[in-house]
Number of protein chains: 2
Amino acid sequence: MELHEEAAARLASAGQRYTPTRRRLVEILARAGTPLSLPDIVRRRRDLAQSSAYRNLAELESAGLIRRIASEDGSARYELAEELTGHHHHLLCSSCGRVQDLHLPTGLERRLEDTLDALARESRFASVRHRVDLIGLCRTCAPA
Amino acid sequence: MELHEEAAARLASAGQRYTPTRRRLVEILARAGTPLSLPDIVRRRRDLAQSSAYRNLAELESAGLIRRIASEDGSARYELAEELTGHHHHLLCSSCGRVQDLHLPTGLERRLEDTLDALARESRFASVRHRVDLIGLCRTCAPA
DNA sequence: CTTCCTGCAAAAGTTTTGCATTAAC
DNA sequence: GTTAATGCAAAACTTTTGCAGGAAG
């Protein structure tokens with residue numbers, strides 16, 4: 001898998017290793033295809049200590065392999081970085097914290113990007129990315 | 001102040017009171033003009049218990065008077081609802097969690113809104129609002 | 001006098017850290 | 001052998017809850 005070579009290379013250039021644990025975290029996130037909470041992740045990897053999960057996720061994030069999303073319920077969700085999965089946005093459930101993927105039409109996406117970049121420059125913000133989310137109630141939490 | 005009448009009316013119709021504490025919370029948020037964290041708020045109102053702050057903020061939020069924002073650092077920020085301050089977006093500092101206001105040009109805003117609404121419908125999400133944020137480093141946290 | 005609001009303290013939930021041990025290079 | 005990674009347990013931090021006293025309608 002090219003994904004794992006990419007991962008190993010990026011970690012190596014930061015002086016870190018692509019251990020079996022990290023490989024499995026990447027696999028779990030790749031297989032899920034949607035952002036997972038830490039409990040979600042640990043449930044799929046029962047022998048992994050929470051502290052190791054957090055530490056490895058942080059490591060993978062700073063290597064640019066995964067992305068951490070602040071969910072509405074205060075906890076975080078993790079997914080593969082956009083370089084690996086393509087740029088997209090999210091639907092956030094304000095009740096249960098669930099996160100679902102969302103893709104914008106190219107035209108709007110580009111226009112949005114240009115505007116946000118210009119505004120970031122004006123605001124003297126070193127913008128590393130933008131986030132465009134819908135916030136509401138998912139199917140499970142919505143009243144019938 | 002019309003603001004306080006509005007606040008009192010909304011709370012009243014939900015069977016709640018516009019107590020001095022709540023009034024001061026609204027004043028603090030109005031004066032700040034930018035989203036505040038809970039420590040920020042308590043610092044400006046030293047005699048207020050944290051639990052009361054949280055409870056009142058939740059109350060004011062469900063009355064539609066204030067809005068809670070999930071910051072990048074995992075904690076929450078609070079600001080007056082958009083009905084009172086106008087629709088806008090945010091710049092989020094991924095290092096210190098600071099939040100700064102941002103306004104989009106009307107044309108882009110409207111187009112964005114239409115598209116997001118359509119997508120929400122397709123995704124069977126009951127969308128109550130959207131959020132468009134820039135995430136990066138604020139002036140204080142950016143390396144020189 | 002009934003309902004809501006407050007403060008204190010304790011609990012719950014998420015994330016971080018210290019430290020001794022193990023594994024990778 | 002040196003450096004990094006792991007697991008366990010404890011700590012830090014944010015937010016929620018229980019309860020008894022106090023204020024408002």
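Chain A is the first sequence line, chain B the second, and so forth, proteins listed ahead of strands; every chain is numbered from 1. Since this is a predicted model, take the numbers as computed values, not measurements.
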Within the supplied structure, the quantity of interest is the number of heavy atoms (other residues, nucleotides, ligands) at a distance under 6.0 Å from B/Arg124 CZ; does it exceed 12?
no
Among residues 70-81 of chain A, which residues get a heavy atom nearer than 4.0 Å to DNA chain C?
A/Ser75, A/Ala76
Quick one: B/Ile41 CD1 to D/dT15 P, roughly how many Å, whole number?
10 Å
Nearest-Å distance, OH (B/Tyr54) to P (C/dG7)?
15 Å
Flag the pair B/Arg44 / B/Leu36 as yes when at least one side-chain heavy-atom distance between them is below 4.5 Å, and no otherwise.
yes
A/Arg23 CZ - C/dA23 P separation (whole Å):
20 Å
Protein-proximity profile, nucleotides 5-13 of chain D, B/S/- by nucleotide at the 4.0 Å heavy-atom cutoff, equals SSBBB----
Just wondering, are more than 12 heavy atoms of other shown residues or ligands nearer than 6.0 Å to CZ in B/Arg110?
no
Indicate, with yes or no, if B/Leu91 and B/Leu108 share a hydrophobic cluster defined by side-chain heavy-atom contacts under 4.5 Å among Ile, Leu, Val, Met, Phe, Trp and Tyr.
yes
Nearest whole Å is fine: how far is C/dC5 P from B/Arg24 CZ?
19 Å
Could you check whether the rings of B/His130 and B/His87 sit parallel, tilted or perpendicular, using 30° and 60° as the cut-offs?
perpendicular
Interatomic distance where CG belongs to A/Leu11 and C1' belongs to C/dC25 [whole Å]:
15 Å
Are A/Glu59 and A/Arg55 close enough, and set up right, to give a salt bridge (Lys or Arg N to Asp or Glu O under 4.0 Å), and what steps lead you there?
CA-CA 6 Å; A/Glu59 214 54 78; A/Arg55 272 194 275 238; over 6 Å; no
Does some side-chain heavy atom of B/Asp101 sit less than 4.5 Å from a side-chain heavy atom of B/Pro35?
yes
Would you find more than 12 non-hydrogen atoms of other residues, nucleotides or ligands less than 6.0 Å from B/Glu61 atom CD?
yes
